[in-house]
Amino acid sequence: MASSVLSAASHSFSPSSSLCSRQTHKGKPKIGGNTLRFNKGLNSFPHARSSGRISMAVAVNVSRFEGIPMAPPDPILGVSEAFKADTSDVKLNLGVGAYRTEELQPYVLNVVKKAENLMLERGDNKEYLPIEGLAAFNKATAELLLGAGNPAIKQQRVATVQGLSGTGSLRLGAALIERYFAGAKVLISAPTWGNHKNIFNDARVPWSEYRYYDPKTVGLDFEGMIEDIKSAPEGSFVVLHGCAHNPTGIDPTPEQWEKIADVIQEKNHIPFFDVAYQGFASGSLDEDAASVRLFVARGMEVLVAQSYSKNLGLYAERIGAINVISSSPESAARVKSQLKRLARPMYSNPPVHGARIVADVVGNPVLFNEWKAEMEMMAGRIKNVRQQLYNSITSKDNSGKDWSFILKQIGMFSFTGLNKDQSDNMTNKWHVYMTKDGRISLAGLSLAKCEYLADAIIDSYHNVS
Ligand code: PGU
């Protein structure tokens, strides 16, 4: 009986099942449609009605997924969905951190198009990649991160595995922590990119926050950060944004990075860098990797997740890497073998297209130089709108409020300090879509829209409490 009831329930999801009447299929009752129809069907199964399992079967027929609540929209990607639904002409999407041209159109880099043409000319195949990804990509990405001549690479102390962009690479790192560092805690900055919490939650890795942003100074709470890293249990993992901290746009100075490295070293913590914006913050790949290189140069063991979503505009290609810099080549090899073991049942092996693009661009001196120029152009456009937004706000607002934080922040974002109600006003009244933590993506802003945005910010800041 049990098998009949369960079979009935599962058949109700079949789009091809007859909705009106009970049928038999290979001797089992097949019942589809809504509860009413199901109950009708049950009348033909009096023995089933009296069974203790029936109440389950009825509930099941409403939907086996009845107990699954509606998930809230994603705080970042959900903003783009809301933006699409808005029919206003003046709407502006400053939610997701994705580069737009001055005309507010998505941008495919010229070097990416060239690399794709090369692929077609070569007639590259679509065979599976190895679990660890494309060898040429893994080499290129580690060299880009650490510098080609880095001793850690020469000594084969770097385990690199291609990941599903920054997110997937962080997730692999989290899985490694969960499996081999039982009970270890991860420290993340307050605030941080919202998905960090989801990633560690889903990997079942406990996390807590360290102080980072000081709303009073709209700057870094350096003392708080150091204190919290110091007081964490020895051997914790400390998530650090390699450059262009998301969402604040506030990075430690080189001197502060040294002190952060001191305390992490003292406490035997392991730094876990998230490098999602290399080259995008300053316009220089080397400058933006200086934080990671400083830790590696000290001989520390470091985890680094990389993403090519922003700096090569490969958002949808899902290309990135997890690198584990270890103190010996033997342990690096073991770590790599385990990263592959973790990847295999999750997604088997990574996609090839983005990996080939990165490998071709980085591996070809002409394309590499062109990429650097395009990256500088993108970073430069964001710097220009940052300056223009500041100019517009300061020329319109006579309240005496200090808006200089806009110019001090770096990278794609500006952390405006607007609270949730003020951010709601930006969206509801001004059709400016942004995250509720007050972050705006300057990469989605044009010079022409700066005045409008300045009006929206000034109104929201002064007229909404
Ligand atoms: N790490 C940080 C700090 C990020 O800001 C992002 C992207 C990622 C990792 C992951 O990017 P991948 O595309 O997986 O490589 N943050 C953007 C993009 C939207 C999102 O939340 O995924 C953002 O707007 O914050």
Side-chain angles (χ1 to χ4, degrees), residues 72-83 93-100 106 133 137 141 144-145 162-174 186 188-200 202-203 207 212-213 238-251 271-281 288-289 291-292 303-323 346-347 350-351 353-355 357-358 378 382 409-415 423 433-445:
D74 184 81
I76 300 178
L77 299 182
V79 174
S80 297
E81 289 170 32
F83 172 80
N93 187 3
L94 308 183
V96 66
Y99 182 82
R100 297 281 180 274
F137 165 80
T141 198
L144 204 68
L145 177 69
Q162 184 185 330
L164 305 184
S165 210
T167 307
S169 305
L170 286 161
R171 184 65 177 77
L172 262 187
V186 169
I188 57 180
S189 62
T192 191
W193 176 50
N195 216 17
H196 279 153
K197 293 178 184 175
N198 302 331
I199 289 168
F200 291 111
D202 277 15
W207 54 266
Y212 192 85
Y213 174 72
V238 184
V239 174
L240 300 161
H241 299 222
C243 65
H245 182 272
N246 179 4
T248 66
I250 302 159
D251 282 355
F272 189 168
F273 276 96
D274 180 357
V275 177
Y277 299 94
Q278 190 181 353
F280 223 88
D288 288 353
S291 55
V292 173
L303 270 70
V304 191
Q306 290 173 281
S307 163
Y308 289 92
S309 290
K310 323 287 161 135
N311 55 10
L312 258 173
L314 294 176
Y315 308 92
E317 298 297 353
R318 314 309 295 146
I319 178 66
I322 177 78
N323 302 267
M346 274 202 239
Y347 57 85
H353 192 79
I357 295 172
V358 176
M378 291 190 289
I382 296 173
Q409 297 167 349
I410 63 158
M412 259 191 178
F413 302 110
S414 180
F415 202 51
S423 302
Y433 288 79
M434 57 188 284
T435 54
K436 300 296 171 218
D437 57 1
R439 183 190 89 167
I440 54 175
S441 169
L442 297 176
L445 181 64

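Keep in mind that this is a model prediction, so the values were computed, not measured. Both ligands and their constituent atoms are indexed starting at 1 by order of listing. For the single chain, residues carry numbers from 1 onward in sequence order.
Summarising the geometry of Leu314 relative to Gly354, their closest heavy-atom pair is CD1-O, 4.3 Å, with the distance given to 0.1 Å. When all heavy atoms of Tyr315 and Tyr99 are compared, the pair lying nearest together is OH-N, 2.8 Å. Nearest heavy-atom pair across Gly95 and Arg439 is O-NH2, 2.9 Å.
No side-chain donor from either of His196 and Ser189 sits under 3.5 Å from a side-chain acceptor of the other.
Scanning for ring pair (Phe, Tyr, Trp, His ring centres under 6.0 Å) contacts around Tyr212 gives His245, with sequence neighbours left out.
A heavy-atom separation below 4.0 Å is not found between Asn195 and ligand 1. At least one heavy atom of Lys310 lies less than 4.0 angstrom from ligand 1. Heavy atoms of Tyr277 come nearer than 4.0 angstrom to ligand 1 in at least one pair. Not a single heavy atom of Met412 sits less than 4.0 Å from an atom of ligand 1.
Of the protein's non-hydrogen atoms, the one nearest atom 20 (C) of ligand 1 is Trp193 NE1, 3.7 Å. Residue, atom and distance of the protein heavy atom nearest to atom 19 (C) of ligand 1 are Val96 CG2, 3.7 Å.
The shortest N or O to N or O distance between Ser307 and ligand 1 is under 3.5 Å.
Listed by number with element, the atoms of ligand 1 under 4.0 Å from a non-hydrogen atom of Ile76 are 19 (C), 21 (O), 24 (O), 25 (O). Against a heavy-atom cut-off of under 4.0 Å, Ser165 is close to the following atoms of ligand 1: 12 (P), 13 (O), 14 (O), 15 (O). Listed by number with element, the atoms of ligand 1 under 4.0 Å from a non-hydrogen atom of Arg318 are 12 (P), 13 (O), 14 (O). Taking every heavy atom of Gly166 and a limit of under 4.0 angstrom, the matching atoms of ligand 1 come to 12 (P), 14 (O), 15 (O).
Of the options Thr167, Thr435, Asp274, the smallest heavy-atom separation from atom 3 (C) of ligand 1 is shown by Asp274.
The closest side-chain heavy-atom distance from Ile440 to Leu445 is not below 4.5 Å.
In terms of modelled atom types and a separation under 3.5 Å, the side chain of Asp274 and the main chain of His241 share no donor-acceptor contact.
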